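Read through the structure below, which is laid out as structure tokens, and then see the notes.
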Amino acid sequence: MSENIVHFEIKNKKAYLQINRPNALNALNKNVLTEIRDCCEILKDNKQIQVLIVSGSGDKSFVAGADIKELQELHNQNKEGENFSQWGAEIFSKLEQLPQITIARVQGFALGGGLELALACDFIIASEKARFSLPEVTLGLIPGFSGTQRLAKRIGSAKAIEWIVTAERYSATEALACGLVNHVVKSEDLIAFTEQIAEKIIKNAPLAVKTAKKVIQASEDSTFKEGCDIESKHFGLLLNQSESAEGISAFIEKRPAQF
Ligand code: CAA
């Protein structure tokens, strides 16, 4: 990770990816996006790491969007804009499909590509000072890293249209009210609270946790019936694993399970 613009660290079944361009409010330039992609490559086959926490450095900003100075270079370059959008969307898709549970820890601005990054994580934990917006229309653009799709899925299309076409900035409590974020906590508690959630996850049976994510995500591309069939199949697969043998025995023997 040459310029150190993304810090990547692994500690006790958890990985931490922190974007580190505080002077540009952690804007996503091509180097940052490449490093996020490289981190996803490291994580995708890793069975030890169960949780990934994504954050931005400094107090002010999670990520203030794609790097607008780089976008200027793409102006009028035929298909370069479309290619750039597709490239970023593919990286966020890799992040979304990681086997780990991914948490966006948002302490400040999550704007444009920054909100799109948070939306590609499984859920968002925000500080009370976090601010959310997809302001691309103020630049003559629309969200380009799948924000039109993921925001609509998360908060419904009527709200997503209003958010995107007004470019309004929303507070953490407003984001909580519409289901964009799972929790809002005091700024000074954000790191500890996110750790507590991560610790709860890593205490549970790892294969079951990974399978739960996979099966819930399958519902996006399937009918209710197909989703239930996928659930039953995986429930059966898990019942044949040593992990569930241990979990069930531990309950019956009244002792903590050892996963
Ligand atoms: N790209 C590049 N640089 C950015 C940036 C961005 N998205 N956001 C902030 N910066 C830079 C500023 O240029 C400034 O750098 P200099 O000191 O070198 O001038 C530095 O970060 C600090 O920013 P400000 O001086 O603007 O700080 P502020 O407190 O006055 O305002 C802000 C903060 C409201 C977040 C404001 O910076 C802002 O509106 N940023 C842009 C937000 C935005 O439009 N994001 C969408 C980008 S497009 C996109 O993301 C497309 C997509 O979907 C893929």
Side-chain angles (χ1 to χ4, degrees), residues 3-6 17-37 39-40 54-96 104-121 124 126-155 157 159-172 174-175 180-181 187 190:
E3 289 175 63
N4 214 17
I5 50 175
V6 170
L17 185 163
Q18 184 167 63
I19 295 155
N20 184 38
R21 291 185 77 209
N23 293 339
L25 303 186
N26 302 317
L28 302 168
N29 64 11
K30 285 187 192 144
N31 289 341
V32 171
L33 288 164
T34 303
E35 293 198 8
I36 294 174
R37 185 197 62 194
C39 293
C40 291
V54 178
S55 63
S57 67
D59 291 337
K60 193 170 166 183
S61 179
F62 171 70
V63 169
D67 191 304
I68 297 171
K69 291 162 194 165
E70 283 192 353
L71 286 181
Q72 192 174 37
E73 293 162 21
L74 296 176
H75 186 66
N76 247 339
Q77 297 293 309
N78 294 321
K79 283 197 62 152
E80 287 301 304
E82 179 178 344
N83 293 341
F84 175 71
S85 166
Q86 259 172 5
W87 180 68
E90 276 163 25
I91 294 170
F92 285 11
S93 187
K94 276 185 202 296
L95 173 64
E96 184 174 58
R105 191 181 73 202
V106 176
Q107 85 288 20
F109 292 119
L111 309 180
L115 176 49
E116 293 173 295
L117 174 66
L119 281 164
C121 294
I124 301 171
S127 93
E128 59 196 351
K129 292 195 180 138
R131 295 290 177 268
F132 299 88
S133 174
L134 288 179
E136 284 86 349
V137 293
T138 66
L139 302 168
L141 294 169
I142 60 170
F145 296 157
S146 311
T148 55
Q149 307 303 300
R150 287 202 182 94
L151 186 67
K153 275 191 182 145
R154 186 73 63 90
I155 68 173
S157 59
K159 277 210 159 61
I161 290 172
E162 184 183 342
W163 276 48
I164 291 170
V165 301
T166 61
E168 191 69 59
R169 206 179 287 160
Y170 295 90
S171 69
E174 287 167 320
L180 173 65
V181 310
S187 303
L190 181 64

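These numbers were taken from a predicted model, which means no experiment stands behind them. Note that ligands are numbered from 1 as they come in the structure, with each ligand's atoms numbered from 1 the same way.
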Under 3.5 Å, N or O to N or O, is [X] touching ligand 1 that way?
X      : result
Ile142 : no
Ala27  : no
Gly113 : yes
Pro143 : no
Phe84  : no

Who's closest to atom 12 (C) of ligand 1 heavy-atom-wise, of Glu116, Lys69, Arg169?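 Among Glu116, Lys69, Arg169, the closest heavy atom to atom 12 (C) of ligand 1 comes from Lys69.
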From atom 43 (C) of ligand 1, work out which of Gly112, Ala64, Ser61, Gly108 has a heavy atom at the shortest distance.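 Closest candidate by heavy-atom distance is Ala64.
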Which of the numbered atoms in ligand 1 are below 4.0 angstrom from a heavy atom of Leu111?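 So the answer, numbered in order with elements, is 35 (C), 42 (C).
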Under 4.0 Å from a heavy atom of Lys60: give me the atoms of ligand 1 that qualify, with their elements.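 Answer for ligand 1: 27 (O), 28 (P), 29 (O).
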Can [X] be said to touch ligand 1, with heavy atoms closer than 4.0 Å?
X      : result
Ala24  : yes
Leu141 : no
Pro135 : yes

For ligand 1, which part of Leu139 has a heavy atom less than 4.0 Å away: the side chain, the backbone, both, or neither?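 Leu139 to ligand 1: side-chain contact only, backbone stays beyond 4.0 Å.
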Would you call [X] and [Y] a salt bridge, using N to O less than 4.0 angstrom?
X      : Y     : result
Arg150 : Glu96 : yes
Lys30  : Asp67 : no
Lys79  : Glu82 : yes

Tell me, which protein residue and heavy-atom name are nearest atom 2 (C) of ligand 1, and how many Å apart are they?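 The protein heavy atom lying closest is Ile68 N, 3.5 Å.
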Is the CG atom of Asn83 crowded by more than 12 outside heavy atoms at less than 6.0 Å?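 Yes, because the 6.0 Å sphere around CG of Asn83 holds more than 12 heavy atoms from other groups.
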